[in-house]
Amino acid sequence: MSNCAIVGVNWGDEGKGRMVDLLTEQYDIVVRFQGGGNAGHTVINERGKFALHLLPSGIFREGVVNVLGNGVAVDPESLVREMCEVSAQGVSLTPDNLMISDRASLLLPWHRELDELEEARLADKKYGSTKQGIAPFYSDKYQKKTVLAGELYYPEHLMEHLLSLMEWKNLTLTRVYGARPWTEEMLRQWLKTYCEVIRPYVCDTGAFLKKASAGGKRILFEAQLGSLRDLDYGIHPYTTSSNTMAAYAPIGSGLPGAKIDTVIGVVKAYSTCVGEGPFVCEMFGPEADKLREAGFEYGAKTGRPRRVGPIDIPATRYGAEVQAATEIALTKLDVLSYMDRIPVCTAYELDGKKTDRFPFPAALAHAKPVIEYFDGWGCDISSCRRWEDLPEAARNYVLYIERSIGCFIKYVSVGPERDSIIIRERN
Ligand code: GDP
């Protein structure tokens, strides 16, 4: 297990942070390789409860180096806020345990503003953005219209670069949206309040990782969101603006030649989805409210109630396939304990035909779920720590999912705490 990626198989919020927090014990370095502060990992460990948005989930382990790779949308404002929160809870952050890639692009202050303006313009056709500026950021990154974190070490060049970007961006802000323009004074304030705080953490993380890898250090790659939100493989256009795939980990982390030995795909025992877009297995009414409450399904970043449904086998199989998952961590099985019978979306009905394939995004809106029911187990399983401790009905449910998606379920999580986990051996 020298290089491992922990990735989401569904729509995000599967419990990746919880798995990274658990497994960092076996790793020296944790690297975030994509995304920004638009989602969140909730981690509960002996130090308390934390909502992480940008910081890698290895930040709680002494001796673990945490890296924000070049593929991440580094938002100095939200990063500084998060660093202050985590430090106030007793976690020490130094340039020895937190490193920001000098090649990571910075999310600029107008990206968040543009995100809000565009969602407001789209009104009832909005994408359901978290309004953290991620889509405008990545669009600008690929247009080469943002700055690299390493430019913070070249202040004169940086100011000149920022002013030229500001002049260009003010055209969109004022002429397209009728918003106020940014000024040099506002930019200087942003640099002073946020960028100067993060500058000591910015370094050549590519060189660091290359040396660490050559020296046999074990590296864990941590993703944000899940397969179905991947820019290329997800439910376009209701995706995020980056690649959430394990295959992107080497590129987005700064180790382009790295081989990922283990891909842990994190799957939730039921489905949740934040924001807009097709969600074939969605439940409504009191049944949905009960599941949402049982799993406390509210967005870690926005507090928005998550849409919920039974586990979606066609989507999960597809999600695991595109991640090339080598093993699965099934989370939140304990949440289903209240159900007498457990619904499962085993297939879709599309154009009057049953299919177990996950369809092309444009066809998803017409797909209907085929629901089957499994026996519930009718007892609390949160104290189970061995596979044999689980009631037979719970084991049957796990084994059904394993067979249906064709990937070994190594971890079964039965609670949010670090040790609420069952680890299975392959037969
Ligand atoms: P992530 O972004 O994939 O890390 O997921 P989130 O942090 O948004 O959502 C996962 C939530 O479920 C967090 O609040 C976790 O503390 C919680 N959680 C993770 N695993 C389990 C589990 O097995 N059982 C229960 N009850 N909660 C869990």
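FYI, the numbering just counts along the sequence from 1. Just so it is clear, the structure is predicted and the values come from calculations on it, not from any experiment. Atoms within each ligand, like the ligands themselves, are counted from 1 in listed order.
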Should you measure from each heavy atom of V335, which atoms of ligand 1 turn up under 4.0 Å away? 26 (N)
Ligand 1 contacted by R306 (non-hydrogen, < 4.0 Å): yes
Any ion pair linking E417 and K49 (charged N to carboxylate O, less than 4.0 Å)? no
Between F50 and F60, what is the ring plane arrangement, given parallel below 30°, perpendicular above 60°, and tilted in between? tilted
Do any nitrogen or oxygen atoms of G12 lie less than 3.5 angstrom from nitrogen or oxygen atoms of ligand 1? no
The single option from V267, L228, T244 passing side chain to side chain contact (heavy atoms under 4.5 Å, CB included) against V9: V267
Validation row: W377, L390 side chains within 4.5 angstrom (heavy atoms): no
Short N or O distance, L333 and ligand 1, threshold 3.5 Å exclusive: no
Hey, looking at atom 14 (O) of ligand 1, which of L336, L52, T42 has the closest heavy atom? T42
Report yes if the side chains of F208 and V67 come closer than 4.5 Å at any heavy-atom pair, otherwise no. yes
For residues I6 and L220, determine if any side-chain heavy atom of one lies less than 4.5 Å from a side-chain heavy atom of the other. yes
Output the list of atoms in ligand 1 that are nearer than 4.0 Å to some heavy atom of K16, sorted by atom number. 1 (P), 2 (O), 3 (O), 4 (O)
For ligand 1, is G8 a contact, meaning one of its heavy atoms is under 4.0 Å away? no
Should you measure from each heavy atom of S413, which atoms of ligand 1 turn up under 4.0 Å away? 20 (N), 21 (C), 22 (C), 23 (O)
